[in-house]
Amino acid sequence: MYKYHYAGAVGTAQSLNEARKQIGWAFPDAIDPDNYFLVRVWQWDQTDQDYIVEVLNTPGHQIFNAYVDALECYKNLVSGFSDEFSEDARLDLVHYHLAKFRALHSKILFPSVPASDG
């Protein structure tokens with residue numbers, strides 16, 4: 001079961017694509033839906049004891065055609081994390097290609113601990 005946070009509420013769906021349909025989210029015209037980079041933000045789920053609730057509104061779930069643009073977004077979120085969130089979260093940069101997500105960078109951030117680019 002896929003869990004997501006959108007517009008202040010947590011919802012569930014069978015998959016990310018189903019969740020996107022439920023909230024009315026569509027790919028921007030400039031994005032190739034078969035090959036893109038995605039910055040994902042995940043919240044902690046107390047029941048499952050893991051970061052499995054994806055934030056589908058800004059600043060989470062940002063999509064880019066180019067790796068360099070996605071990496072810049074990722075680094076900006078890491079460095080400004082305490083300004084964006086009041087709770088800890090996992091931040092991922094992934095590449096979607098050939099129907100698979102491949103992790104490129106991942107970091108768990110805590111608002112009370114200064115973040116670094118390292």
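- Taking all atoms of both residues into account, the shortest heavy-atom contact from Leu109 to Leu77 is CD1-O, 4.5 Å.
- Heavy-atom minimum distance, Cys73 versus Phe64: CB-CZ, 3.5 Å.
- Hydrophobic clustering of Ile, Leu, Val, Met, Phe, Trp and Tyr side chains at less than 4.5 Å, counting indirect connections, unites Trp44 with Ile108.
- Heavy-atom minimum distance, Val39 versus Ala70: CG2-O, 3.6 Å.
- Atoms CD and CG, from Glu72 and Leu93 in turn, are 12.0 Å apart once rounded to the nearest 0.5 Å.
- Ring geometry for His61 versus Trp25: interplanar angle over 60°, hence perpendicular rather than tilted (30 to 60°).
- Applying the side chain to side chain contact (heavy atoms under 4.5 Å, CB included) rule to Asn35 yields the partners Asp32, His95, His97; only residues at least two apart in sequence or on another chain are considered.
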Exercise for review: Before giving the answer on side chain to side chain contact (heavy atoms under 4.5 Å, CB included), spell out for Gln43 and Val41 the whole-Å C-alpha distance, their side-chain angles and the decisive distance to 0.1 Å.
Suggested key: CA-CA 7 Å; Gln43 295 176 327; Val41 176; 5.5 Å; no
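- Here CZ of Arg40 is found 8.5 Å from CG of Leu56. Values are rounded to the nearest 0.5 Å.
- By the side chain to side chain contact (heavy atoms under 4.5 Å, CB included) test, Ile31 pairs with Phe27, Pro28, Tyr36, Ile63, Asn65, sequence neighbours left out.
- Here OG of Ser106 is found 10.5 Å from CG of Leu104. Values are rounded to the nearest 0.5 Å.
- Tyr51 is connected to Tyr6 through a chain of hydrophobic side-chain contacts under 4.5 Å among Ile, Leu, Val, Met, Phe, Trp and Tyr, so both are in one cluster.
- Taken together through direct or relayed side-chain contacts under 4.5 Å among Ile, Leu, Val, Met, Phe, Trp and Tyr, Val10 and Leu16 form parts of separate hydrophobic clusters.
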Review point. Are Met1 and Asp48 close enough, and set up right, to give a side chain to side chain contact (heavy atoms under 4.5 Å, CB included), and what steps lead you there?
Key: CA-CA 11 Å; Met1 181 66 58; Asp48 291 330; over 6 Å; no
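- For the residue pair Trp42/Asp92, the side-chain donor-acceptor check at 3.5 Å is satisfied.
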Check your understanding: What's the verdict on side chain to side chain contact (heavy atoms under 4.5 Å, CB included) for His105 and Lys107, showing C-alpha distance, side-chain angles and the deciding distance?
Key -> CA-CA 7 Å; His105 299 281; Lys107 188 173 283 224; over 6 Å; no
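- With sequence neighbours excluded, the residues forming a side chain to side chain contact (heavy atoms under 4.5 Å, CB included) with Gln22 are Tyr4, Ala13, Glu18, listed by chain and number.
- Note on Val94: it clusters hydrophobically with Tyr2, by side-chain heavy-atom contacts below 4.5 Å among ILVMFWY residues.
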**Study point:** From CA spacing to verdict: ring pair (Phe, Tyr, Trp, His ring centres under 6.0 Å), Phe37, Tyr67
**Key:** CA-CA 6 Å; Phe37 296 91; Tyr67 170 75; 5.7 Å; yes
